[in-house]
Protein chains: 2
Amino acid sequence: MVQYKRYVDASFAALSDATRRGILERLGRSDASITDLAGEFQMTLTGMKKHVGVLERTGLVTTEKVGRVRTCRLGPRRLEAEAAWIESYRRLWEARFDELDKIVADLKRTDASLHDKNPK
Amino acid sequence: MVQYKRYVDASFAALSDATRRGILERLGRSDASITDLAGEFQMTLTGMKKHVGVLERTGLVTTEKVGRVRTCRLGPRRLEAEAAWIESYRRLWEARFDELDKIVADLKRTDASLHDKNPK
DNA sequence: TTTATACTGAACCATGTGGTTCAGTATACG
DNA sequence: CGTATACTGAACCACATGGTTCAGTATAAA
């Protein structure tokens, strides 16, 4: 459970970087080597390796080294827990604002009846 | 567009901390002061103020100070862009793996016909 | 065997993060 | 008035992040 939370932490953190989101989108089109990715995102190999490492640690990317080249592909994680958290938050948000609407409506009613009884 | 990306960056970063996700869930139940939140999440007022500041900057929380107390409530942002990104990623992931399945199927077919022509 | 390619790791750097303490300010209460 | 409450800002801390350079190692190609 704590472990679960940490995974969500790590995934959201991984997604908070535009380059890493770009890498995921890129790997959605086709697999790529570190050199490919470094070229496309204008970064040193070392820099790209680090980003791939972050994505790999969260399970969003897997890699395999054959000869000199390390091929990167989308990993097994599908952001289910993250999608679920966001969806449940959105429902919470709706519920909360419905509730506030009700309170506002009540206030308006009270206000109206005050005006009825005590206009001024 | 760049600005849009930065907002997504900031939201995902804000969500990468379990305490901040907890604060959002808590505020979904009812509004709360900094003192309330600091007590519930066992943290100093200053520490909590910082978390609220992060959430406020991303629009996930709004606050209003009346007298001595600052009341925090859920803000206008509903994580639409973030939910959309994750959903589109999940579709990409499905498509990519369907494609890989097809490749594997092709390989199996080729392999089978090789066996037909050249059993060994 | 030499040379070029592809990656890797260590070390460094500036900046950000998640937390603290301490010293305030502003407001409410008696 | 004096005192307690609620927050705020500055400063500090250890550590993480996003990037770099530089010096390797391992493999492929000529």
Side-chain angles (χ1 to χ4, degrees), chain A residues 2-3 5-27 30-73 75, chain B residues 2-3 5-27 30-73 75:
Chain A
V2 170
Q3 200 59 24
K5 272 194 184 173
R6 286 217 209 144
Y7 236 119
V8 174
D9 281 15
S11 299
F12 278 135
L15 295 180
S16 74
D17 184 280
T19 299
R20 280 192 297 260
R21 289 196 306 277
I23 292 169
L24 291 177
E25 289 167 6
R26 168 64 183 77
L27 293 180
S30 73
D31 298 349
S33 68
I34 302 284
T35 300
D36 292 339
L37 294 173
E40 291 172 34
F41 291 90
Q42 307 209 93
M43 191 176 297
T44 58
L45 288 178
T46 310
M48 182 50 69
K49 179 86 191 319
K50 280 196 184 181
H51 278 304
V52 169
V54 170
L55 292 168
E56 215 174 348
R57 257 169 270 131
T58 65
L60 289 167
V61 161
T62 57
T63 71
E64 187 192 5
K65 191 163 183 177
V66 175
R68 292 182 293 189
V69 2
R70 177 173 298 278
T71 299
C72 310
R73 58 177 52 89
Chain B
V2 170
Q3 199 59 25
K5 273 194 184 173
R6 287 216 209 147
Y7 235 119
V8 174
D9 281 15
S11 298
F12 278 134
L15 296 180
S16 73
D17 184 280
T19 300
R20 281 192 298 259
R21 289 197 305 278
I23 293 168
L24 291 176
E25 289 167 7
R26 168 62 183 77
L27 293 180
S30 74
D31 298 349
S33 68
I34 302 283
T35 298
D36 292 339
L37 295 173
E40 291 173 35
F41 291 89
Q42 306 209 96
M43 192 176 295
T44 58
L45 287 178
T46 310
M48 182 49 68
K49 179 85 192 318
K50 280 195 184 181
H51 278 304
V52 169
V54 170
L55 291 168
E56 215 174 347
R57 256 169 271 131
T58 65
L60 288 166
V61 161
T62 56
T63 71
E64 188 193 5
K65 191 163 184 178
V66 175
R68 291 182 293 189
V69 2
R70 177 173 299 277
T71 299
C72 309
R73 58 177 52 90

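Lettering of chains follows the sequences in order, A, B, ..., and the numbering in each one begins at 1.
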For every nucleotide of nucleotides 17-30 of chain D, 5' to 3': is a protein heavy atom under 4.0 Å from its base (B), only from its sugar-phosphate (S), or from neither (-)?
-BBBBB----BS--
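Taking all atoms of both residues into account, the shortest heavy-atom contact from B:Ala14 to B:Leu60 is CB-CD1, 4.3 Å. Heavy atoms only, all atoms of each residue included: B:Asp17 and A:Asp9 are closest at C-OD1, 4.3 Å. What you find for A:Tyr7 and A:Arg57 is that their closest heavy atoms are OH-O, 4.1 Å.
As a whole-Å value, the separation of B:Glu64 CD from C:dT27 C1' is 16 Å. Nucleotide C:dG18 holds its P atom 12 Å from the CZ atom of B:Arg21, rounded to whole Å. The CZ-P distance, from B:Phe41 to C:dG18, rounds to 14 Å in whole Å. Rounding to whole angstrom units, CG of residue B:Leu45 and C1' of C:dG19 are separated by 14 Å.
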What verdict does the side-chain contact (heavy atoms from CB on, under 4.5 Å) test give for A:Cys72 and A:Asp31, after you've listed the backbone C-alpha separation in whole Å, the side-chain angles of each residue and the deciding distance to 0.1 Å?
CA-CA 6 Å; A:Cys72 310; A:Asp31 298 349; over 6 Å; no
Going by atom type alone, with no hydrogens or angles, which donor-acceptor pairs under 3.5 Å involve a side-chain atom of residues 39-51 of chain B and a protein atom two or more places apart or on another chain?
from, atom 1, to, atom 2, distance (Å)
B:Glu40, OE1, B:Arg26, NE, 2.7
B:Glu40, OE2, B:Arg26, NE, 3.2
B:Glu40, OE2, B:Arg26, NH2, 3.4
B:Thr44, OG1, B:Gly47, N, 3.1
B:His51, ND1, B:Arg20, NH1, 3.3

Give every donor-acceptor pair under 3.5 Å between a side-chain atom in residues 61-69 of chain B and any protein atom, sequence neighbours left out.
from, atom 1, to, atom 2, distance (Å)
B:Thr63, OG1, B:Glu56, OE2, 2.8
B:Thr63, OG1, B:Arg70, NH1, 2.8

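Residue A:Lys49 has a polar side-chain atom (N or O) positioned under 4.0 Å from OP1 or OP2 of C:dG9.
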